[in-house]
**Q** 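Structure provided below as structure tokens; questions to follow.
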Amino acid sequence: MAELGLAEETQFICSDHVFLTRSNHVRDLCARYVKNGGRLYDVLSRYDSLTLYALGRDTANAGSVNRLVVPFLKAGGITDEAAYAFCKSTPVIMPDADRVIRYISSQMPAFISSESYEHHLLNLGESFGISLSNISCNTFSFDSIKISRPDARSLRSIASTLINARLTEEMYSVTQSPYLNKFDSKLVDLVDEEYIKKTSKMDFNDQLRKDIRIAGNEKAYSILELCRKKEIEMSATIVVGSDESDYPAMDLVRDSDGLSIAFNGTEYAVRGSNVAILDENPITVAVLSMEFYNGGIESVYDMIDNWNVESLRDCPCADRNLMNMFLAQFPEKLPEVYRVNDDNLVDVTVKSAAYRKRILV
């Protein structure tokens, strides 16, 4: 379109986890390089969610579990070369994700905005044909982070303590600050005392804050910057997210009458969306994105309100070939798609969380 002198009208921005890849590369790295690292990641992820959303903290420590685990990975001996090799060999790609993202990229500017590590996104961008200039992620070097031997020993001791925290699945509201249950309260206190306070004066702490910056708020800022550079309105923006860190960006696009899709989202991703999809195959995102491209958010709502095989066979749509391909893949039962509102928010949140738990590795 640029070569023809035409302005781009719509843009597509997605996260990588759950939409493009089924596996969580940061958790996988923790499991590889830290003793009981998978459990440690789960504890810090829960802490991240509780402090940011349930307690409403606004600190540098809240909003990015991917930052919190870096010292433990470094203490476990990770290097940049090893991280690149591991991320290249381990991703589990969602069905048809490659074809879907390449199709969307051919129709409109497409970007990946993620708090994932560059080691993972470089491999993913190469696999999906996404230019590095269209990828926003945490660009830092494990090799440049310096942790002394005494600090590494302290981190390993801290990790052995944190993994004993009890995890619950209780949901808390984004817009309220209820009392935490006793187990979640103990978890927050444990991480605060054993990790945040003990590492606050370690030499690597300032470097982490400077180098690893992309979390929830930064992803929202990156969308604002894309809108400014591309001169595309927020109301003409599509954002796809699945995790807690996607909430600020999704909420921003939804409130601007853009298309905010929670794809197998957590509680917070669903709360930030106006459309929720429950399915392994992201082709549904392509169908709704083209409907948005063609007719805006109201056209998407009309399609969802008539979400059945018979209606989709006969309805006018932006790309009939894409629709036929979609219907051929789901000839009898369509993926679950919801128009999220106050009346069904809790129900959709529960359904999405349960479906997400079934499909993730």
Side-chain angles (χ1 to χ4, degrees), residues 1-16 19-20 63 97 100-116 118 121-122 124-126 128-139 213-243 245-263 269 272-275 277 282 284-304 316-319 322 339-340:
M1 293 183 69
E3 290 174 356
L4 293 174
L6 301 175
E8 295 161 332
E9 297 179 345
T10 307
Q11 63 183 347
F12 178 91
I13 305 165
C14 68
S15 186
D16 57 316
F19 177 58
L20 300 178
V100 167
I101 199 67
R102 288 179 185 274
Y103 170 80
I104 292 174
S105 298
S106 71
Q107 304 298 312
M108 65 189 83
F111 305 89
I112 298 177
S113 179
S114 172
E115 72 278 15
S116 296
E118 181 183 35
L121 265 300
L122 286 177
L124 204 61
E126 182 180 349
F128 292 153
I130 300 292
S131 169
L132 293 182
S133 62
N134 286 18
I135 295 176
S136 174
C137 63
N138 273 311
T139 57
R213 296 173 297 168
I214 295 184
N217 289 336
E218 285 80 3
K219 293 173 82 170
Y221 297 149
S222 70
I223 290 182
L224 288 170
E225 184 64 11
L226 279 174
C227 288
R228 184 188 68 81
K229 287 183 177 180
K230 290 290 184 178
E231 298 183 349
I232 296 176
E233 296 293 333
M234 193 73 68
S235 59
T237 297
I238 303 164
V239 62
V240 182
S242 303
D243 297 320
S245 60
D246 297 315
Y247 170 77
M250 297 176 68
D251 188 53
L252 179 66
V253 171
R254 180 200 61 189
D255 288 349
S256 302
D257 291 327
L259 177 57
S260 177
I261 300 176
F263 191 78
S273 71
N274 47 22
V275 173
I277 298 173
T284 310
V285 171
V287 170
L288 296 182
S289 295
M290 289 308 299
E291 193 63 24
F292 179 80
Y293 180 86
N294 192 50
I297 192 65
E298 292 302 327
S299 184
V300 173
Y301 290 157
D302 288 343
M303 177 173 280
I304 295 174
C317 58
D319 188 333
L322 173 65
R339 178 177 171 180
V340 181

**Q** Evaluate the ring planes of F263 and F19, with Trp represented by its six-membered ring, and classify them as parallel (under 30°), tilted (30 to 60°) or perpendicular (over 60°).
**A**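 Plane angle over 60°, so perpendicular.
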**Q** Please, which pairs that meet salt bridge (Lys or Arg N to Asp or Glu O under 4.0 Å) have at least one residue in residues 232-243, sequence neighbours excluded?
**A**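 Pairs touching residues 232-243 that pass the test: D243-R356.
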**Q** To the nearest 0.5 Å, tell me how far L20 CG sits from I101 CD1.
**A**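 So the CG of L20 and the CD1 of I101 are separated by 5.5 Å.
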**Q** Taking all non-hydrogen atoms of both residues, which atom of S15 and which atom of G241 are closest, and how far apart?
**A**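 Taking S15 first and G241 second, the nearest heavy atoms are CB-CA, 4.5 Å.
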**Q** Would you find a donor on one side and an acceptor on the other, under 3.5 Å apart, between the side chain of S113 and the backbone of I223?
**A**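 Side chain of S113 to backbone of I223: no pair is present.
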**Q** Can any side-chain N or O of S256 pair as donor or acceptor with the backbone N or O of G258 at less than 3.5 Å?
**A**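 No: the side chain of S256 does not pair with the backbone of G258.
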**Q** Does anything in residues 284-297 pair up under salt bridge (Lys or Arg N to Asp or Glu O under 4.0 Å), and if so which pairs, sequence neighbours excluded?
**A**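 Counting only pairs at least two positions apart or across chains, no salt bridge (Lys or Arg N to Asp or Glu O under 4.0 Å) contact touches residues 284-297.
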**Q** Nearest heavy-atom pair of S242 and D246: which atoms, and what distance?
**A**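 Minimum heavy-atom separation between S242 and D246: N-OD2, 2.8 Å.
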**Q** Are side-chain heavy atoms of M108 and M290 found at a separation under 4.5 Å?
**A**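 Contact flag for M108/M290 side chains = yes.
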**Q** Using every non-hydrogen atom in the two residues, find where S106 and Y103 come nearest and quote the distance to one decimal.
**A**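 Scanning both residues completely, I find the closest heavy atoms to be OG-O, 2.5 Å.
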**Q** If I compare all heavy atoms of S114 with all of D16, which pair ends up nearest, and what's the gap?
**A**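 Taking every non-hydrogen atom into account, OG-OD1, 2.7 Å.
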**Q** Starting from the C-alpha separation in whole Å, work towards a yes-or-no answer on side chain to side chain contact (heavy atoms under 4.5 Å, CB included) for L224 and L252.
**A** CA-CA 9 Å; L224 288 170; L252 179 66; 3.9 Å; yes
**Q** Taking all non-hydrogen atoms of both residues, which atom of R102 and which atom of E126 are closest, and how far apart?
**A**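 Nearest heavy atoms, R102 then E126: NH2-O, 4.4 Å.
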**Q** Locate the shortest heavy-atom distance separating S235 from F292; write the atom from each residue and the value.
**A**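 S235 and F292 have their closest heavy atoms at O-CZ, 3.2 Å.
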**Q** Distance from M234 atom CE to R228 atom CZ, nearest 0.5 Å?
**A**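 CZ of R228 is found 12.5 Å from CE of M234.
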**Q** Could I get the full list of side-chain contact (heavy atoms from CB on, under 4.5 Å) partners for I135, not counting sequence neighbours?
**A**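 side-chain contact (heavy atoms from CB on, under 4.5 Å) check on I135 returns I112, L121, I130, L132, C137.
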